[in-house]
Amino acid sequence: QVQLVESGGGSVQAGGSLRLSCLLSGRTFSRYAMGWFRQAPGKEREFVVGISWGGGSTDYADSVKGRFTVSRENAKNTVYLEMNSLIPEVTAVYYCAADARSVPVATMEGGRRYEPAYWGQGTQVTVSS
């Protein structure tokens with residue numbers, strides 16, 4: 001059974017940086033596409049970024065392009081989300097997600113992003129002004 005555990009969240013001032021990590025256990029990491037979502041208070045969960053199982057393909061939400069970078073280290077069963085130039089508007093619980101596909105998590109299919117099968121418990125990111 002796939003288990004995802006996020007870490008690295010916390011509180012930071014605007015302009016700062018954070019790096020989130022997500023460890024996948026229970027299955028072969030290199031056979032899973034990975035991604036990140038977030039949910040701010042009072043808002044629906046939204047897609048942030050996806051990465052293919054080989055790491056060669058990524059898909060970013062427009063709102064984070066240029067400030068967030070996703071990467072994965074298959075030898076460590078871990079996906080990372082590097083977040084720079086943080087602004088208060090990105091305050092949310094960040095969730096790691098995985099799916100047994102080669103294409104990035106939540107790749108557009110038929111006009112909609114597919115729902116990944118596995119989710120972590122989330123990690124809080126708070127950016128203060």
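A perpendicular orientation is assigned to the rings of Y95 and W119, their planes being inclined by more than 60° (bins at 30° and 60°).
A donor-acceptor contact closer than 3.5 angstrom links the side chains of Y80 and E73. For the 3.5 Å distance criterion, the side chains of N74 and S30 fail to qualify, holding no donor opposite an acceptor. Side-chain contact, E44 with Q39: no donor N or O sits under 3.5 Å from an acceptor N or O.
Looking at L20 and W36, their side chains come closer than 4.5 Å, going by heavy atoms from C-beta outward. Residues Y118 and R27 fail the side-chain proximity criterion, which asks for heavy atoms closer than 4.5 Å. Side-chain contact between V103 and S57: absent, with no pair of heavy atoms (C-beta onward) separated by less than 4.5 Å. Residues L4 and M34 meet the side-chain proximity criterion, which asks for heavy atoms closer than 4.5 Å. Contact annotation: the side chain of W53 never approaches that of V105 to less than 4.5 Å [non-hydrogen atoms, C-beta and beyond]. Side-chain contact between F37 and P116 is present, with at least one heavy-atom pair separated by less than 4.5 Å.
Smallest separation of non-hydrogen atoms from V127 and V90: CG2-CG2, 3.7 Å. The shortest heavy-atom contact between Y60 and T69 is OH-CA, 3.3 Å. Taking both residues in full, the closest heavy atoms of V79 and C96 are given as CG1-SG, 4.0 Å, listed atom of the first, atom of the second, then distance. A pairwise comparison of heavy atoms in N84 and S17 identifies OD1-OG, 2.8 Å as the closest pair. Taking every heavy atom of both residues into account, S129 and A14 meet most closely at CA-CB, 4.3 Å.
Under a hydrophobic clustering in which Ile, Leu, Val, Met, Phe, Trp and Tyr are joined whenever their side-chain heavy atoms come within less than 4.5 Å, directly or via other members, M108 and F47 fall into different clusters. Transitive grouping of hydrophobic side chains (ILVMFWY, heavy atoms separated by less than 4.5 Å) keeps Y114 and V49 in distinct clusters. No continuous path of hydrophobic side-chain contacts links V5 to V2 [ILVMFWY only; heavy atoms under 4.5 Å]. Linking Ile, Leu, Val, Met, Phe, Trp and Tyr whenever their side-chain heavy atoms come within less than 4.5 Å leaves V93 and V48 in two separate clusters. Note: the hydrophobic cluster containing L24 also contains I51 (ILVMFWY, side chain heavy atoms under 4.5 Å, direct or indirect links).
With rounding to the nearest 0.5 angstrom, the CZ atom of F68 is 6.0 Å from the CG atom of L81. The distance from atom OG of S85 to atom CZ of R67, rounded to the nearest 0.5 Å, is 7.0 Å. Atoms CZ and OG1, on R31 and T28 in that order, are 8.0 Å from each other to the nearest 0.5 Å. Once rounded to the nearest 0.5 Å, the distance linking OG of S11 with CG of L86 reads 11.5 Å. Atom CG in L23 sits 6.0 Å away from atom CG in N77 (nearest 0.5 Å). Summarising the geometry, atom CD belonging to E82 is positioned 8.5 Å from atom CG belonging to L18; distances are rounded to the nearest 0.5 Å.
T91 places no side-chain N or O within 3.5 Å of a backbone atom of T126 that could act as its donor or acceptor partner. A side-chain donor-acceptor contact under 3.5 Å links E6 to the backbone of Q121. A donor-acceptor pair under 3.5 Å is formed between the side chain of D99 and the backbone N or O of A117. The main-chain N or O of K76 is found under 3.5 Å from a side-chain atom of T78 such that the two form a donor-acceptor pair. Side chain of E46 to backbone of R38: no donor-acceptor contact under 3.5 angstrom is found.
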key: Derivation of the salt bridge (Lys or Arg N to Asp or Glu O under 4.0 Å) call for R45 and E115   = CA-CA 12 Å; R45 186 179 63 200; E115 180 84 0; 2.8 Å; yes

inquiry  = With salt bridge (Lys or Arg N to Asp or Glu O under 4.0 Å) as the criterion, how do R101 and E109 come out once you've worked through the C-alpha distance, each side chain's angles and the decisive distance to 0.1 Å?
reply    = CA-CA 13 Å; R101 302 191 191 196; E109 295 179 341; 2.6 Å; yes

query = Given the rule in the side chain to side chain contact (heavy atoms under 4.5 Å, CB included) test, do S52 and S102 qualify, once you have shown the distances and angles that lead to the verdict?
reply = CA-CA 5 Å; S52 61; S102 60; 5.8 Å; no

